[in-house]
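What you see is a predicted model; the values in this text were computed from it and never measured. Note on naming: letters A, B, ... go to the chains in the order of the sequence lines (proteins, then strands), and numbering restarts at 1 for each one.
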Amino acid sequence: MLELQEIIRTVMIIILSTVVLALFGIFFGLLYKGIDRKISAHMQGRIGPPIRQPFRDVGKLFTKENIIPENAVPWVFNLAPLIGLVGTISILLYLPIGGFRPLASVEGEIIFGDLILVLYLLMIPSLALVIGGFASGSPYATIGAQREMATMIAYEFPLAIIIITIAWKLGSIAAGGLGVENAFTLTAITANPVWNAVGPLGFIGLILLLLVLIIVTPAELSKIPFDAPEAETEIGGGLLVEYSGRNLAMFYLTDAVKTVVMASIIVALFFPYNLSPLLGLESIPAYILDFIFFLIKILIIIVFSVSLIRVSVARLKIDQIVYTYWVPLTLIALVGLICIMWDGTMMESYGWPKIVEIFGLI
Amino acid sequence: MKQTATTKTSYHIPVGPIHPALKEPVYFEFEIDGERIIDVNVKLGHIHRGVEWASRKRNPIQVLYLAERICGICSYCHPAAFSLAVEAAADIQVPERAEYLRVIQGELERICSHILWAGVAAHEIGFDTVLYFTWQIREKALDLTEYLTGNRITKGIMTIGGIRRDITKDMLPRIKRDLQFFKDNFEKLRHIFLDDKTIKMRSQGAGILTKKDALKLCAVGPTTRASGVKKDVRVDTSYFAYGDLDIDYITPDVLTGNINGDVYDRIIQRLLEVKQSIDLVEQCIDEMPAGEIVSEPKIPKLMNQLKKVNGEGVGRHEAPRGEVIHYVKFNGQTENPYTWKVRAPTYNNILPWIPMLKGEQIADIPIVAASTDPCMSCTNRVAIVNNNSKYELTKEQLHKMSVEKTRRFMK
């Protein structure tokens, strides 16, 4: 009986935490969307909508009629937004939020999910958009879906290079890394900031990788200059052209949550630092402080990778997007990879110090 | 649906009549292969309002205000061309000062229109920051227009035989200050449009109109000048005071050294024209002679004079989009014009769309279509309706009908 109670308790905790995480993702996703709109409006010399505008938009959309076009395949058309939202929220389970461990990681031997899984899960919302676009039976949506697929293929490669490089650097002892076990898990990556493992050359490499990751983010989120799949002036909203009411609201939420997810991944990979160890705080105050610090980090990343980029450039054509990712950005990512590789050799053969040792942080 | 034996690789997409890329209704039918445009068909007539028909119940002064409402942005050039046509028919001499004032208004409209276009073009390629920036400058131009004419858009400044408002000495400092503002911001605009990497990526090599095509299809205005055709009514016919001013054809090679005829060249062309317009306004302010501003200030007297006119006249004016032509005929019996025909510049710039768009990508459609600065409400003069449904006439049908009509006349 006791065991059963234990199981029920664990299951209840997991369900409750998932609900809390989903609410967290949706609330802060919409909040950051509002802040992003306000900031970019000010950069464009406008006043912009109030920060609570995205909440109002979603509330309004949920009350609106949900139109299914005549040519659409109704069950796929209705299922796609749901898959997108669920898929995005499920990524949150694998990410460390502030001082909290990822929900899906259990201490001990069993570790659910790592960066490779997150990489796959990140494709689900995009795939949901593509499926929904094809299912809506509109020529504009079809063009949008084709473009989304091309974009996806384009940015996955540099993204994979970044993730693998970091995990490899942390995991291998030969490359001057820290020899972390299970280096692909986010728990391990956040516990051992990658900046601690590199020397001067690797530092340059990491900066390059961070740059590439920041440029991959707008494509992942379909923001200007990589918003060809939705291009309003070209194909009138593209993938989403036939969506309305509840379904559109769900895609809107997917986009909002995805923004938080992408920023959290950047935080976990590059800025996993917390304030509480520095101030010597523990338990609840530490959690609160780390959580606030985490929100600020996410805000800064969103401002740099979404707001700043989208106000300062024009939209690219789909062939230009694919070229940008496959040639310049892949090359930069590879140069970063090579820098980090040589970094290990330099440390081993010539005894180059690590960055943290130079500054005497450890 | 019929199944064809071979696999069809191309598909149709409709753009318009209502589409975010289009500011006014026009219907494009594209045949697309992947992202490439194979064929394009343009259909017009969605915004026909019967303006010419409405003129039959109005006297020339009333038509002036009707002409103003043909189009919002061209609210000066239509009355200007109409006035030129009526003045030609009635043989009215315009005072010299009025000619200079007319140039100032015309060039101010060009500044407004080109800057508005620059914002729209930026919006079409997803660069909204530039849209807001350019429209802030346009706001200043509209303020100046309001200061000079009393209105911002439909100015009501033109009249037959002159102009309705003078520019007095105490107005000059304000005008000079605003012109200086345009000059300062012009440099910023030039930098944004000509040096920005993404704008270059989107506009260079897109929507090419060769000089040969531009000549063959009779393109007008900045569209044709950007392809290297030296065609400008202001220089060619020297109406208003343009003959006394220092003005020459502008083509994009002034700045870049060569002419490609692409969207980038059209951007350069319009920016250079804004600069030229600022220069022309300054020249006018310096050289303007004193004197009357209208040949006949009493409207009833003028109306009486026009009533007796029996003849026809053509007015040509270089509007921001190109040459606008108005044809007016009076029969000397009624005070209303017997005929009034408007040919707006966009009419000539529709056919060049086809060579521009063929072979381009879907993503190029908005910016290429916008690059001629189309103005549909100016252009739409015909809608063929039978029993409340629209139908089309082919070339053969039209030819047959023309022959029949000629036979009828010959009887």
Legend entry - Exam field: side chain B:Arg266 to backbone B:Pro222, donor-acceptor pair closer than 3.5 Å: no
Inset, instruction - Of all the heavy-atom pairs spanning A:Pro218 and A:Phe226, show the shortest one and how long it is. - result: CB-CD1, 3.9 Å
Inset, instruction - Please examine the side chains of A:Leu209 and A:Leu213, heavy atoms only from C-beta on, and report whether any two atoms are closer than 4.5 Å. - result: no
Legend entry - Distance-only side-chain donor-acceptor flag, B:Gln269 / B:Asp265, under 3.5 Å: no
Inset, instruction - Flag the pair B:Glu273 and B:Arg270 as a salt bridge only when some basic side-chain nitrogen lies within less than 4.0 angstrom of an acidic carboxylate oxygen. - result: no
Pairs of donor and acceptor atoms, chain B with chain A, under 3.5 Å:
residue: B:Pro14; atom: O; partner: A:Tyr140; partner atom: OH; Å: 2.3
residue: B:His19; atom: NE2; partner: A:Glu234; partner atom: O; Å: 3.2
residue: B:Glu35; atom: OE1; partner: A:Arg147; partner atom: NH2; Å: 3.2
residue: B:Glu35; atom: OE2; partner: A:Arg147; partner atom: NE; Å: 2.7
residue: B:Glu124; atom: O; partner: A:Thr233; partner atom: OG1; Å: 2.9
residue: B:Ile125; atom: O; partner: A:Arg315; partner atom: N; Å: 2.7
residue: B:Thr129; atom: OG1; partner: A:Gln44; partner atom: NE2; Å: 3.3
residue: B:Thr129; atom: OG1; partner: A:Val311; partner atom: O; Å: 2.4
residue: B:Thr198; atom: OG1; partner: A:Ala314; partner atom: N; Å: 3.1
residue: B:Met201; atom: O; partner: A:Gln320; partner atom: NE2; Å: 2.9
residue: B:Arg202; atom: NH1; partner: A:Arg315; partner atom: O; Å: 2.8
residue: B:Gln361; atom: NE2; partner: A:Asp319; partner atom: OD1; Å: 3.3
residue: B:Gln361; atom: NE2; partner: A:Asp319; partner atom: OD2; Å: 3.0
residue: B:Asp364; atom: OD1; partner: A:Lys317; partner atom: NZ; Å: 3.1
residue: B:Asp364; atom: OD2; partner: A:Lys317; partner atom: NZ; Å: 3.3

Inset, instruction - Answer yes or no: is there a side-chain heavy-atom contact under 4.5 Å between B:Asn258 and B:Asn260? - result: yes
Legend entry - Flag side-chain contact, heavy atom, 4.5 Å: B:Pro320 against B:Cys74: no
Inset, instruction - Heavy atoms only: give me the nearest B:Thr346-B:Met376 pair and the separation to one decimal. - result: CG2-CE, 4.1 Å
Inset, instruction - Grab the two heavy atoms, one from B:Ile38 and one from B:Lys358, that are nearest each other, plus how far apart they are. - result: O-CG, 3.6 Å
Legend entry - Heavy-atom proximity to chain B below 4.5 Å, by part of A:Leu316: both
Legend entry - Heavy-atom proximity to chain A below 4.5 Å, by part of B:Ile365: neither
Legend entry - Side chain to side chain, A:Val306 and A:Met262, heavy atoms closer than 4.5 Å: no
Legend entry - Contacting region of B:Val130 [heavy-atom separation from chain A under 4.5 Å]: neither
Legend entry - chain A-proximal positions within residues 113-122 of chain B [heavy-atom distance under 4.5 Å]: none
Inset, instruction - Give the minimum heavy-atom separation between A:Pro54 and A:Leu30, together with the two atoms involved. - result: CG-O, 3.6 Å
